[in-house]
Engineer: 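Below you will find the structure I want to go over with you.
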Amino acid sequence: QVQLVESGGGLVQAGGSLRLSCAASGRTFSDYAMGWFRQASGKEREFVASVSWNGGSTWYSDSVKGRFTISRDNAKNTVFLQMNSLKLEDTAVYSCASAKGYFSGRRKYEYEYWGQGTQVTVSS
């Protein structure tokens, strides 16, 4: 059974930084791309970033490009999301997801397993 457990969320002031982690278990981590999504209160879940199976390719939404960095450590079965220059509009529950193949993009149907999420709140 695949499990994804996020950590690292919290309360941060605008302009600050947070680093999210997602620990995976239950299947060969390095065989699959990984992604981060977020869902703000009252809004639909949206794509944030994804990374290919070996970390060689990354994709970002326009809203976080240049501020967030996705990475992975296949030896530790963990994917990370470094978030810098946080804005009020980044407030959301952030969830990691494990894709169906080596590469993945922004569409939810490309992912088959999801974590429960971690809350990120950016204050002014």
Side-chain angles (χ1 to χ4, degrees):
Q1 181 179 355
V2 175
Q3 286 193 316
L4 302 173
V5 180
E6 302 93 340
S7 61
L11 176 64
V12 63
Q13 285 193 323
S17 299
L18 279 177
R19 189 193 196 204
L20 305 183
S21 299
C22 171
S25 62
R27 65 177 182 179
T28 304
F29 181 73
S30 57
D31 281 350
Y32 302 92
M34 295 291 295
W36 285 97
F37 287 74
R38 68 186 182 186
Q39 187 169 20
S41 181
K43 296 188 177 181
E44 291 191 1
R45 182 178 287 179
E46 65 172 359
F47 171 79
V48 176
S50 64
V51 59
S52 62
W53 64 282
N54 63 352
S57 298
T58 55
W59 295 266
Y60 297 92
S61 69
D62 288 343
S63 61
V64 307
K65 198 174 297 182
R67 300 187 298 121
F68 290 11
T69 302
I70 189 171
S71 61
R72 64 190 296 159
D73 184 340
N74 285 347
K76 296 183 178 180
N77 291 353
T78 303
V79 63
F80 305 97
L81 186 68
Q82 178 66 45
M83 305 186 295
N84 299 329
S85 302
L86 283 161
K87 304 176 180 180
L88 296 179
E89 53 263 41
D90 293 320
T91 295
V93 174
Y94 285 71
S95 301
C96 65
S98 182
K100 297 177 181 178
Y102 289 115
F103 298 91
S104 63
R106 62 182 60 248
R107 290 167 175 80
K108 291 186 281 292
Y109 67 74
E110 298 180 72
Y111 301 84
E112 56 184 336
Y113 297 103
W114 296 80
Q116 290 297 310
T118 185
Q119 176 71 46
V120 171
T121 303
V122 184
S123 65
S124 58

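All figures in this text were calculated on a predicted structure; none of them were measured in a lab.
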Engineer: Taking a hydrophobic cluster as the set of Ile, Leu, Val, Met, Phe, Trp and Tyr residues connected by side-chain heavy atoms closer than 4.5 Å, whether directly or through intermediates, do Leu4 and Trp36 fall within one such cluster?
Structural biologist: yes

Engineer: Is the shortest distance from a Lys or Arg side-chain nitrogen in Lys65 or Asp62 to a carboxylate oxygen in the other one below 4.0 Å?
Structural biologist: yes

Engineer: Looking at side-chain heavy atoms only, is the closest gap between Val64 and Arg38 below 4.5 Å?
Structural biologist: yes

Engineer: Can you tell me how far the CZ atom of Arg19 sits from the OG atom of Ser7, to the nearest 0.5 Å?
Structural biologist: 9.5 Å

Engineer: For atom CD of Glu46, decide whether the heavy atoms of other residues, nucleotides or ligands shown that lie under 6.0 angstrom number more than 12.
Structural biologist: yes

Engineer: Roughly how far, to the nearest 0.5 Å, is the OG atom of Ser98 from the CE atom of Met34?
Structural biologist: 5.0 Å

Engineer: Count the heavy atoms belonging to other residues, nucleotides or ligands that lie under 6.0 Å from CD of Glu89, then report whether that count exceeds 12.
Structural biologist: yes

Engineer: Using the side-chain contact (heavy atoms from CB on, under 4.5 Å) rule, take Thr91 and Gln119 through it: C-alpha gap first, then chi angles, then the decisive distance, then the call.
Structural biologist: CA-CA 8 Å; Thr91 295; Gln119 176 71 46; 4.0 Å; yes

Engineer: Is a salt bridge present between Glu112 and Arg27, judged by a nitrogen-to-oxygen distance below 4.0 Å?
Structural biologist: yes

Engineer: Taking all heavy atoms of Arg72 and all of Ser30, pick out the closest pair and write down the distance.
Structural biologist: NH2-CA, 4.0 Å

Engineer: I need the Gln82 CD to Ile70 CD1 distance, nearest 0.5 Å.
Structural biologist: 12.0 Å

Engineer: For Ser61 and Phe47, work out which heavy atoms get closest and say how close.
Structural biologist: CB-O, 3.5 Å

Engineer: Could you check whether Glu110 pairs with Lys100 (Lys NZ or Arg NE/NH1/NH2 to Asp/Glu carboxylate O, under 4.0 Å)?
Structural biologist: no

Engineer: Are Tyr60 and Phe80 connected in a single hydrophobic cluster, I mean Ile/Leu/Val/Met/Phe/Trp/Tyr linked by side-chain heavy atoms less than 4.5 Å apart?
Structural biologist: no

Engineer: Would you name the heavy atoms of Leu88 and Val122 that are closest together and state the gap between them?
Structural biologist: CD2-O, 3.3 Å

Engineer: Would you say the side chain of Arg106 lies within less than 4.5 Å of the side chain of Trp59, judging by non-hydrogen atoms?
Structural biologist: no

Engineer: Whether the side chain of Glu6 engages the backbone of Cys96 through a donor-acceptor N/O pair (distance < 3.5 Å, no angle test) should be reported.
Structural biologist: yes

Engineer: Does Val5 share a hydrophobic cluster with Val120, counting links as ILVMFWY side-chain heavy atoms below 4.5 Å and allowing steps through other members?
Structural biologist: no

Engineer: Under a 3.5 Å distance rule, please check whether Asn74 uses its side chain to pair with a backbone N or O of Thr28 as donor and acceptor.
Structural biologist: no

Engineer: Under the rule for side-chain hydrogen bond (donor to acceptor under 3.5 Å, both in side chains), what residues qualify as partners of Ser52, not counting sequence neighbours?
Structural biologist: Asn54

Engineer: Does Phe37 form a ring pair (Phe, Tyr, Trp, His ring centres under 6.0 Å) with Trp114? I'd like the steps, not just the answer.
Structural biologist: CA-CA 10 Å; Phe37 287 74; Trp114 296 80; 4.9 Å; yes

Engineer: For Trp53 versus Asp31, what's the shortest heavy-atom pair and its separation?
Structural biologist: CB-C, 4.2 Å

Engineer: Return the CD to OH distance between Gln3 and Tyr113, rounded to the nearest 0.5 Å.
Structural biologist: 11.5 Å

Engineer: Between Gly9 and Leu20, what is the shortest heavy-atom contact and its length?
Structural biologist: N-CD2, 3.6 Å

Engineer: Do Val93 and Leu86 share a hydrophobic cluster (ILVMFWY, side-chain heavy atoms under 4.5 Å, transitive)?
Structural biologist: no

Engineer: Within this structure, what is the OG-CE distance for the pair Ser17 and Met83, rounded to the nearest 0.5 Å?
Structural biologist: 8.5 Å

Engineer: With rounding to the nearest 0.5 angstrom, report the CG to CG distance, Asp90 to Leu18.
Structural biologist: 10.0 Å

Engineer: Going by the angle between their ring planes, with limits at 30° and 60°, are Tyr94 and Phe68 parallel, tilted or perpendicular?
Structural biologist: tilted

Engineer: Write down the atom of Ser50, the atom of Ser104, and the distance for their closest heavy-atom approach.
Structural biologist: OG-O, 3.0 Å

